[in-house]
Every structure is written in C-alpha cells, then in structure tokens.
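Everything numeric here is computed off the predicted structure, so don't read it as measured data. Side chains are part of it too, since the values below use all heavy atoms of this structure and drop only hydrogens, waters and symmetry mates. We number each residue from 1, following the sequence as shown.
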Amino acid sequence: MTTPALLPLSGRRIPALNVGTASFPHHRATLRLSEKFILLLILSAFITLCFGAFFFLPDSSKHKRFDLGLEDVLIPHVDTSNGGKNLGGYLIHGQGHDEHRHREEEERLRNKIQADHEKALEEAKEKLKKSRDEIQAEIQTEKNKVAQDMKKKDDKPLPPVPLPNLIGINGGEPEDLDIREKRNKIKEMMKHAWDNYRQYGWGHNELKPIARKGHSTNIFDHTSVGGLGDSFYEYLLKAWLMSDKRDTEARKMYDDAIEAIEKHLIRKSNGGLTFIGEWKNGHLERKMGHLTCFAGGMFALGADGSRDDKAGHYLQLGAEIAHTCHESYDRTTLKLGPEAFKFDGGVEAVAVRQNEKYYILRPEVIETYWYMWRFTHDPKYRQWGWEAMQAIDKYCRVSGGFSGVKDVYSSSPAYDDVQQSFFLAETLKFLCLYLFQRRECLLVLTELQDLRTNVSL
C-alpha cells in the first residue's frame, strides 16, 4: 500500500468546501505558509502522541520491542530467547524461572513513570493558574523554611575569637577621640548608603537615591590601563599572590605587562607629575582616567618580588601615581576627582571636556591611598583618604543615599541620581580600612545587616 505524499504542499490544491459564501466570502484554493505550518504541527503532534502511547503500553508478545540501546539501562528486561541470560554472560533479572515476576515489576515501573509524569504535568498546570505574586509568595515561604532549618542546625555559636592587643586600642575602641569620631562617621555613611539601597534598590545593580528606586546600567570605556583593561593587570598579580607566590607564569605575565606600561604609557608632565597615558590611533594621548589611578596601589602591591630587585623603584612609582591622582582631586572645587584629566601644555591634572568632569563615587584613588598607607604608614595618605570621605559626605550625600555629581569644578553641581554598586563594595570598604582593622570592618558590616539572613532569603 502506497502512502500519499503530504510534503511538499506548495504544489497541491485542496478542493473547495461548500460551506456557503457567508462563512468564507473570499475562499482561496491554496494554503498559506502559516496554514501549512499549522498542518505540519498537527501531524507532528499526532505522530508523537502515537509513539508515546505505544512506548508506555505494557510489553506483550503482540508488539515488537523497540530496543534503542539505552532501554535496558533504564528499564531492564528479560530476553526469553536465552532463558534470561545475556550473551555477555551477565544475568538479567533472574534465571528464566522468574520471567513472569520480572515482567510484572517492569510493568509496575512503567506505570509509576507514567503516573509521576502525569502528576508533574498536573502540578505545572496548577502552578500556571496562579498569579505572579502567589508564585513569589510560595518561593519566599520555601526560602524562609530553608533559613529556619539552617538556623536549627546552627544552634551552637562559633567560639569567640579574641581581639589582638593593638596599639592605641582599649576595649575595641581607639583611645584617640579624633580617630573614634572618624570611625563613627564612616560607619554612619556606610549605614546610610546600605539602608537606602536595601529599601529602594534591592536586587538592582545601583540605586537612584533621589528618585529612590533601583537602577541598572553598563559603563564602557576604551581600551587602556583603565577601563576594560585594569582588572587584567591587577588579577595577574593577585593570581600570583593567591597561589602563595607559586604561579610563576602569572608573575612573569605581570612583570612583562608593567614593563611595557612603563615603557610605552608612563610619562612625566612639564610640572613633574607622573601619569599613565592612553595609546590611541598610533600615538600617546596625554590623558589619564580616574579608573587608571588604581595602578598606584597595584605597583606598590607588586613591588615585593619584582624583577632585578626593583621593589624600591615600583614603590616610588606607586607613590608618584598616588600624588598625581591626589592633585586631580585637589585642583577641583569639590575636592573630588574628575573622570579623566589632561596633561597638555599648561593644563595638568585637570579635566578639559565637559563630559569628563563628573564623579560617580569611584574608589580607585582611595584604593591607591589605602595601599600606600599600608606599605609606607605615611600619615598623608590617611589624611588624603579622610579628605575624600569628607567631600563625598558633603557634596554627594542625599536623603536617599549617595549620588554622583556631574561637574566637580562647579560649586553647586547637579546630581546624576545614581548610587553605584561599587560605592558600597569598594569605596566605603577602603575608607573603612583606613581606620579599622580588617576584621573590625567585617564587624561593621554585620552591624549594618545580618548578612547570613539576607543571603538565605
């Protein structure tokens, strides 16, 4: 018996149906592409249904078994031709005398699979009938249950860790009243930023502190030691440090990179400021970005272990970069650094273009101050960090958090209404580390919010 061809349909015609002109006033003899697709979809569904029904039917001698190779792995069966024995010498569910019992087990297993499948479909249908709020409420209930279970398992508190006896610290608080006030101010700023993000921007990358709502965006820059390139150099060095200084390949790549940076990008201005320029279109542009200011701390961090015993050279290079970046802050009205600054002619460490005069709560300069403070203990770096914090609190603080400003050379700048995610993750972290020990900064964070509860929820 030959089967009439169903495909292709492009050359076939379907007889007109006599259904009256009222139903189809403009009847067509040919099928549209969408109608062909629907017909093919119905045919495919019918074939799938037939195959599925046949697959789930109990095995019997009237049906030919489809052996797809994996069937014996999922649902073992007995080959009656050899008495229940496999050609390879392995026994398959009995020795032939219990073939009937095995077939009953196989049928029960198939029925269970089918029942579970139908149950899952019913649960999915019921779930789809619920509103989005109801589904989210169920998810939250499950999370709360998991959190409670975790708390029950974690009844035993961690053993107390004694604080080291630090110079100038009495009972966990510094004896110097000025340092104590500064620490409390940093804690208050962190709490202000975090509480508003948690209330208005939770789940988003950033917060719009004036509009008091979440915000998400991406910021791209051209290739340089700054934007889109900074993390590569930094992570080469940190990969070496995290390997306990055993990853010599990462260290070699880092040393090669900074030697190339120093040869091709680092220059001194006419006024003696060391800067890292940007290579564009075959020539060096005498401009340095705020993002690039992280390199001062990176040079200091990588000084130990540098080639040819150049530790002192790279520590000095880090200090020069820190000084230049501080000048970019000090030469503005707000004492906050612009996004990028030039070194052309009589203009040094100053932004020229309007679209480079903004400050968006970036951490790179404060990060370099912190590294230089840790390696040299020169009090000027701590003071520079404190001055930056005061400027942020004075000019960037709004009722709903902290906002970037559009012009650091204006005495009354406009806000951009974005509290960037890195402000909490990096800027405030480094400000905290100026006046707190690392473990104390973690305690400050836990005072702001029970992070374990937040993560579990």
Step-by-step side chain to side chain donor-acceptor pair (under 3.5 Å) determination, His313 to Glu262: CA-CA 12 Å; His313 166 74; Glu262 190 170 10; 2.6 Å; yes
Residues Arg183, Glu188; criterion salt bridge (Lys or Arg N to Asp or Glu O under 4.0 Å); working and verdict: CA-CA 9 Å; Arg183 287 166 60 131; Glu188 188 275 331; over 6 Å; no
Check: [X] side chain, [Y] main-chain N or O, donor-acceptor pair, under 3.5 Å:
{"X": "Thr376", "Y": "Met372", "result": "yes"}
{"X": "Arg286", "Y": "Phe343", "result": "yes"}
{"X": "Asp407", "Y": "Tyr409", "result": "yes"}
{"X": "Asp344", "Y": "Val347", "result": "no"}
{"X": "Glu285", "Y": "Gly277", "result": "no"}
{"X": "Asp308", "Y": "Lys310", "result": "no"}
{"X": "Thr324", "Y": "Thr274", "result": "yes"}
{"X": "Glu367", "Y": "Thr427", "result": "no"}
{"X": "Arg397", "Y": "Ser403", "result": "no"}

With a 4.5 Å heavy-atom cut-off, do [X] and [Y] have their side chains touching?
{"X": "Lys335", "Y": "Asp330", "answer": "yes"}
{"X": "Ile258", "Y": "Tyr314", "answer": "yes"}
{"X": "Thr332", "Y": "Pro338", "answer": "yes"}
{"X": "Ile186", "Y": "Leu428", "answer": "no"}
{"X": "Glu348", "Y": "Arg331", "answer": "yes"}
{"X": "Phe402", "Y": "His192", "answer": "yes"}
{"X": "Lys406", "Y": "Pro413", "answer": "no"}
{"X": "Phe299", "Y": "Ile266", "answer": "yes"}

Restricting to non-hydrogen atoms, name the atom on [X] and the atom on [Y] that form the minimum distance, rounded to 0.1 Å.
{"X": "Ile360", "Y": "Tyr358", "answer": "CG2-CD1, 3.6 Å"}
{"X": "Gln419", "Y": "Leu361", "answer": "CA-CD1, 4.1 Å"}
{"X": "Glu234", "Y": "Lys238", "answer": "OE2-NZ, 2.6 Å"}
{"X": "Lys268", "Y": "Phe275", "answer": "C-CE2, 4.0 Å"}
{"X": "Gly302", "Y": "Arg251", "answer": "O-NH2, 2.9 Å"}
{"X": "Cys293", "Y": "Ile321", "answer": "O-CG2, 4.4 Å"}

Stepwise side chain to side chain contact (heavy atoms under 4.5 Å, CB included) test for Arg374 and Tyr371: CA-CA 5 Å; Arg374 286 296 185 183; Tyr371 275 112; 5.8 Å; no
Nearest-0.5 Å distance, [atom1] of residue [X] to [atom2] of residue [Y]:
{"X": "Leu431", "Y": "Trp386", "atom1": "CG", "atom2": "CH2", "answer": "9.0 Å"}
{"X": "Cys325", "Y": "Phe341", "atom1": "SG", "atom2": "CZ", "answer": "4.5 Å"}
{"X": "His326", "Y": "Thr368", "atom1": "NE2", "atom2": "OG1", "answer": "13.0 Å"}
{"X": "Leu336", "Y": "Glu387", "atom1": "CG", "atom2": "CD", "answer": "11.5 Å"}
{"X": "Lys287", "Y": "Thr292", "atom1": "NZ", "atom2": "OG1", "answer": "9.5 Å"}
{"X": "Glu206", "Y": "Asp416", "atom1": "CD", "atom2": "CG", "answer": "10.0 Å"}

Steps toward side chain to side chain donor-acceptor pair (under 3.5 Å) verdict (Ser306, Asp255): CA-CA 7 Å; Ser306 58; Asp255 288 334; over 6 Å; no
Atom pairs and distances, donor-acceptor, side-chain atoms in residues 207-214, under 3.5 Å, two or more places apart:
from	atom 1	to	atom 2	distance (Å)
Arg212	NH1	Tyr200	OH	3.2
Arg212	NH2	Ser399	OG	2.8

Tyr233 vs Tyr254, ring pair (Phe, Tyr, Trp, His ring centres under 6.0 Å): CA-CA, chis, key distance, verdict: CA-CA 6 Å; Tyr233 308 110; Tyr254 169 77; 8.5 Å; no
Audit row: Leu301, Leu237, side chain to side chain contact (heavy atoms under 4.5 Å, CB included) steps and yes/no: CA-CA 8 Å; Leu301 182 62; Leu237 174 61; 3.8 Å; yes
Derivation and outcome, side chain to side chain contact (heavy atoms under 4.5 Å, CB included), residues Lys342 and Val350: CA-CA 6 Å; Lys342 292 272 193 175; Val350 174; over 6 Å; no
Is atom [atom1] of [X] surrounded by more than 12 heavy atoms (other residues, nucleotides or ligands) closer than 6.0 Å?
{"X": "Arg307", "atom1": "CZ", "value": "yes"}
{"X": "Asp309", "atom1": "CG", "value": "no"}
{"X": "Glu249", "atom1": "CD", "value": "no"}

Salt-bridge criterion met for Asp247 and Lys252 (N-O under 4.0 Å): no
Residue from Glu339, His290, Gln420 passing side chain to side chain donor-acceptor pair (under 3.5 Å) with Arg362: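 It is Glu339, the one option of Glu339, His290, Gln420 that forms the side chain to side chain donor-acceptor pair (under 3.5 Å) with Arg362.
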Evaluation steps, side chain to side chain contact (heavy atoms under 4.5 Å, CB included), between Met389 and Lys185: CA-CA 9 Å; Met389 193 218 72; Lys185 182 60 181 177; 3.6 Å; yes
Aromatic ring pairing Trp384/His323, orientation class (parallel under 30°, perpendicular over 60°, tilted between): tilted
Tyr329 and Tyr359 aromatic ring geometry - parallel, tilted or perpendicular at 30°/60° bounds: perpendicular
